[in-house]
Novice: 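Below is the structure I would like to discuss, written out as structure tokens.
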Amino acid sequence: MLRHVALVFVISFSSVSILGICGAADIADFGKQPIGKVPPFKKPNENALLEASTDLSESLRPLNKLLSRSASGVDWRSYLDWSALETQARAGKKLDVSVLLKLYRRFNADENGLEMYQFVTVRRALAAAIEVTVAANNDQASETYTKRIKKLNGLIKNATKEKTPKSLDGVGPLLARLLESRQASEIVTRIRSAVDRPNLFMSVDESLLSSAVNRVVDRVSPVNEVVLGTPVRGSGHTSGMVFLDFIPSSRQAVTQLSFQATNLANTRSTKGPVTVCSEGVTELSARKRIYINDERLWADQTVAMASTKTRMTGLGIKSRFGKNFIRRIATKKVSELKPKIEAISQRRAQERVRQEFEAETANAISEASRDYEQKFRQPLKVRGWYPELLRMSTTNDKLTVIGRKALRDQIAAFTNPPEVDSNAVLSVRVHETLVNNASEITLAGRTITQEFVEEQLKERDGELPESLTSDPDQPPWSITFAKRKPVEINATNGRIKLTVRGSRYTSGDREFPAMDISVAYRIEKDANTIRLVRDGEVQIYPPGFIPGGDKKLSVSETSLRRILQKRFGRVFKENVTVDPLELPDQLAAAGPLPMEQLEARKDGWMAIGWRKK
């Protein structure tokens, strides 16, 4: 139960104010002086070279670990010139730019596998080392710096007018080069504060998760105890609720599992000739708090409380003589012992409910903690997707996840996200940069074959969609993604455009050149449904090709375009009706959730919200 709730926290993956996180410089503030006062070029010192060498050494660790357990590790080390890599990683202030360039070219080659994040991390570290080494030793570095500043100034100036992600294209790499070459740190920091805002906001309503946890408790159990040396027998009826609460916290997400119940016990205790019939009412409560932050999921020990009140409902005397006398003595004794008996019963009930609640939740919390690490954190790290910023928080009725994914040469959001629809119990607001940055990290330069896709789907008990299968008369396909923006989402007001950039395609033994595939959809909504309506035909042209211009397609390009149009025309249907969201396992009863909000804005934000069924 708790495991599924934890996964929803992740997938769905606030008292943290959005304005508090996003309250940095606004891109509009750069209008009069786009980048402000420009400092003169300054050669990096020896410490900067030492830092770059150390960073390169650190970047080798994940790759070394990967190659050590890979069957092709020896071949990779030979190709990459591992000894030269290690030499540069130890070079400190004596970094050799010519060697670094040779190594960089190897990591940047068109070899399948180099797109893995372990290789990419080293490639980026090499690029950074090259930048600082050139800045420290090359006489033309000052001229390069001036050109970069001029270009950056022009981009920011244009972006203050356009206020679109496209107008900021190129800013990320320029900021990275300035940072790596240790130049204009104040300018870099100021611009970063405007273009490095969170690009992911998720929220889950407490009522949605409660539907998977809240349940009635109604059980009868025997009573078989010894109290003050007297056997007590009977039965107890416990009735109450287990329920989930969100606890306000700005530092992490905090939820509380609570148990509240009343136990009504009817018992008999016999000692000597006296049998006492009693009724006991015990108010029971237990709670356990569960915490989630960017590093782990954990829980406190169970805290339990009990309060017992008893009353005698009958007194039996088994004796031929002196019954009245015995009854008076027994009644007085029961009255005297009542506080002590209640205290004993209360302590035992409290410990019993603590142990039971701990036992009922321990395995689920342990499994949820393991899933959080193994099914969320580790997969994101392996793919290089783990966010640079990940914050979780809770209010009385919402759990919020705020994230940012943008590497040093990428940008994130530069405006605040849209408001969440007031009826949404589950919402995701994602900036196009999140999708575009992640796709570049994972797909840049990568070759994917039809066979690979089919194998991946088979591992997940799925089937290749009919739209992606090859016709009987068509051989298997493959695509090698472009290194720059391999898959790109562009959001404008009420419209979403998807572009897939391939640098190479194959169909059987035939090989085809680069081609871009793009499709745009309008968002249309009526009273009951939200639809995506394709805006025109799927566009398939070589990079930079202008339809209707002077340049004509080659025979090879025309052949590839015909193949891709046939395939992707089936993939991207003319009309797509958005179905309600099916929820997993215990949450299924709360679904399916109809989509309430689908919004796209020209600043790159997309907002999706689902309401209760």
Novice: Would you please say whether a donor-acceptor pair under 3.5 Å links the side chains of Q350 and Q346?
Specialist: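 Side-chain D/A pair, Q350 to Q346: absent.
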Novice: Can you tell whether the side chains of E388 and K405 come within less than 4.0 Å, N to carboxylate O?
Specialist: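 K405 and E388: salt-bridged.
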Novice: In Å and rounded to the nearest 0.5 Å, what is the CZ to CG distance from R404 to L434?
Specialist: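 It comes to 11.5 Å.
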Novice: Could you give me the CA-CA distance, side-chain angles and deciding distance for R268 and V276, then say whether side chain to side chain contact (heavy atoms under 4.5 Å, CB included) is met?
Specialist: CA-CA 6 Å; R268 292 163 59 95; V276 178; over 6 Å; no
Novice: Would R377 and Y372 count as a side chain to side chain contact (heavy atoms under 4.5 Å, CB included) if you check the C-alpha gap in whole Å, the side-chain angles of each, and the deciding distance to 0.1 Å?
Specialist: CA-CA 6 Å; R377 283 171 46 82; Y372 185 66; 3.8 Å; yes
Novice: Could you verify whether a donor N or O on one side chain and an acceptor N or O on the other, from T121 and S59, lie under 3.5 Å apart?
Specialist: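 No.
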Novice: In terms of heavy-atom contacts, does CG of N363 have more than 12 from other residues, nucleotides or ligands at under 6.0 Å?
Specialist: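 Atom CG in N363 is not packed in, count stays at 12 or less.
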Novice: Test your reading of the model: is there a side-chain donor-acceptor pair from R192 to the backbone of V188, 3.5 Å cut-off?
Specialist: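 No, because the side chain of R192 does not come within donor-acceptor range (under 3.5 Å) of the backbone of V188.
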Novice: What's the shortest heavy-atom distance between K398 and D205, and which atoms?
Specialist: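 That would be NZ-OD1, 3.4 Å.
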Novice: Regarding D526 and T529, is there a side-chain donor-to-acceptor distance under 3.5 Å anywhere?
Specialist: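 Present: a donor and an acceptor within the cut-off.
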Novice: Just to verify, which of K288, R354, R215 counts as forming a salt bridge (charged side-chain N to carboxylate O under 4.0 Å, His left out) with E360?
Specialist: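 So, applying the salt bridge (charged side-chain N to carboxylate O under 4.0 Å, His left out) to E360 and each of K288, R354, R215, only R215 qualifies.
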Novice: With a cut-off of 3.5 Å and sequence neighbours excluded, list every side-chain donor-acceptor pair involving residues 62-71.
Specialist:
| unit_1 | atom_1 | unit_2 | atom_2 | d |
| --- | --- | --- | --- | --- |
| N64 | OD1 | R77 | NH1 | 2.9 |
| N64 | OD1 | R77 | NH2 | 2.8 |
| S68 | OG | N64 | O | 2.7 |
| S68 | OG | R77 | NH2 | 3.1 |
| S70 | OG | S72 | N | 3.2 |
| S70 | OG | S72 | OG | 3.1 |

Novice: Check for a donor-acceptor pair, side chain of D55 on one end and backbone N or O of A125 on the other, with a separation under 3.5 Å.
Specialist: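 No.
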Novice: Under the 3.5 angstrom rule, does the side chain of N437 hit a backbone N or O of I411 as a donor-acceptor pair?
Specialist: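 Yes; judged by distance alone, with no hydrogens or angles, the pair exists.
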Novice: Is a side-chain donor or acceptor of T394 paired with a backbone partner of V254 at a separation under 3.5 angstrom?
Specialist: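 Here the side-chain-to-backbone pair exists.
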Novice: For K309, does the NZ atom have more than 12 heavy-atom neighbours from other residues, nucleotides or ligands under 6.0 Å away?
Specialist: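 No, because the 6.0 Å sphere around NZ of K309 holds 12 heavy atoms or fewer from other groups.
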Novice: What are the two closest non-hydrogen atoms of V353 and A286, and how far apart are they?
Specialist: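 Closest heavy-atom pair between V353 and A286: CG2-CB, 4.4 Å.
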Novice: Could you tell me if E342 and T310 have a donor-acceptor pair between their side chains, going purely by distance under 3.5 Å?
Specialist: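 A pair is found: one side chain offers a donor N or O, the other an acceptor, under 3.5 Å apart.
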Novice: Scan the side chains in residues 291-299 for donor-acceptor partners under 3.5 Å anywhere in the protein, sequence neighbours excluded, and list what turns up.
Specialist:
| unit_1 | atom_1 | unit_2 | atom_2 | d |
| --- | --- | --- | --- | --- |
| Y291 | OH | D300 | OD2 | 2.6 |
| N293 | OD1 | E295 | N | 2.8 |
| N293 | OD1 | R296 | N | 2.9 |

Novice: Ignoring hydrogens and geometry, is there a side-chain-to-backbone donor-acceptor pair from Q597 to E419 under 3.5 Å?
Specialist: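 Yes.
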Novice: Does S369 use its side chain to pair, donor to acceptor, with the backbone of S366 at less than 3.5 Å?
Specialist: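 No, because the side chain of S369 does not come within donor-acceptor range (under 3.5 Å) of the backbone of S366.
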Novice: Evaluate the side chain to side chain contact (heavy atoms under 4.5 Å, CB included) criterion for residues L581 and M595: first the C-alpha distance (whole Å), next the side-chain angles of each, then the deciding distance (0.1 Å), finally the verdict.
Specialist: CA-CA 7 Å; L581 178 65; M595 185 176 285; over 6 Å; no
Novice: May I ask you to decide if L244's main-chain N or O and N214's side chain share a donor-acceptor pair within less than 3.5 Å?
Specialist: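 Here the side-chain-to-backbone pair exists.
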Novice: Looking at T331 and R328, would you say the former's side chain and the latter's main chain have a donor-acceptor pair under 3.5 Å?
Specialist: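 No: the side chain of T331 does not pair with the backbone of R328.
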Novice: Between T255 and L209, is any pair of side-chain heavy atoms under 4.5 Å apart?
Specialist: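 Not touching, per the 4.5 Å side-chain cut-off.
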Novice: Starting at CG of D421, measure out to CG of L598 and round the result to the nearest 0.5 Å.
Specialist: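 Between atom CG of D421 and atom CG of L598 there are 11.5 Å.
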Novice: Counting only pairs under 3.5 Å, give me each side-chain donor-acceptor contact of residues 604-613, with atom names and distances, residues two or more places apart or in other chains.
Specialist:
| unit_1 | atom_1 | unit_2 | atom_2 | d |
| --- | --- | --- | --- | --- |
| W605 | NE1 | T415 | O | 3.0 |
| W605 | NE1 | T415 | OG1 | 3.3 |
| W605 | NE1 | N416 | O | 3.4 |
| R611 | NH1 | E596 | OE1 | 2.8 |
| K612 | NZ | S207 | OG | 3.4 |
| K613 | NZ | A589 | O | 3.1 |
| K613 | NZ | G591 | O | 3.1 |

Novice: Is a donor on one side and an acceptor on the other found under 3.5 Å between the side chain of N436 and the backbone of I489?
Specialist: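 Such a contact is found between N436 side chain and I489 backbone.
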Novice: Start with the C-alpha distance between L200 and R429, add both sets of side-chain angles, then the distance that settles side chain to side chain contact (heavy atoms under 4.5 Å, CB included), and finish with yes or no.
Specialist: CA-CA 6 Å; L200 174 66; R429 292 170 291 169; over 6 Å; no
Novice: Within the side chain of H431, is there an N or O that forms a donor-acceptor pair under 3.5 Å with the backbone of D603?
Specialist: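 Present.
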Novice: Would you please say whether a donor-acceptor pair under 3.5 Å links the side chains of T238 and N263?
Specialist: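 Distance-only check passes for T238 and N263.
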Novice: Tell me yes or no: between the side chains of R233 and N224, is some donor less than 3.5 Å from an acceptor?
Specialist: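 Checked: R233/N224 side chains pair up, N/O donor to acceptor below 3.5 Å.
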Novice: Just verifying a value: how many Å separate R124 CZ and R408 CZ, rounded to the nearest 0.5 Å?
Specialist: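 It comes to 8.0 Å.
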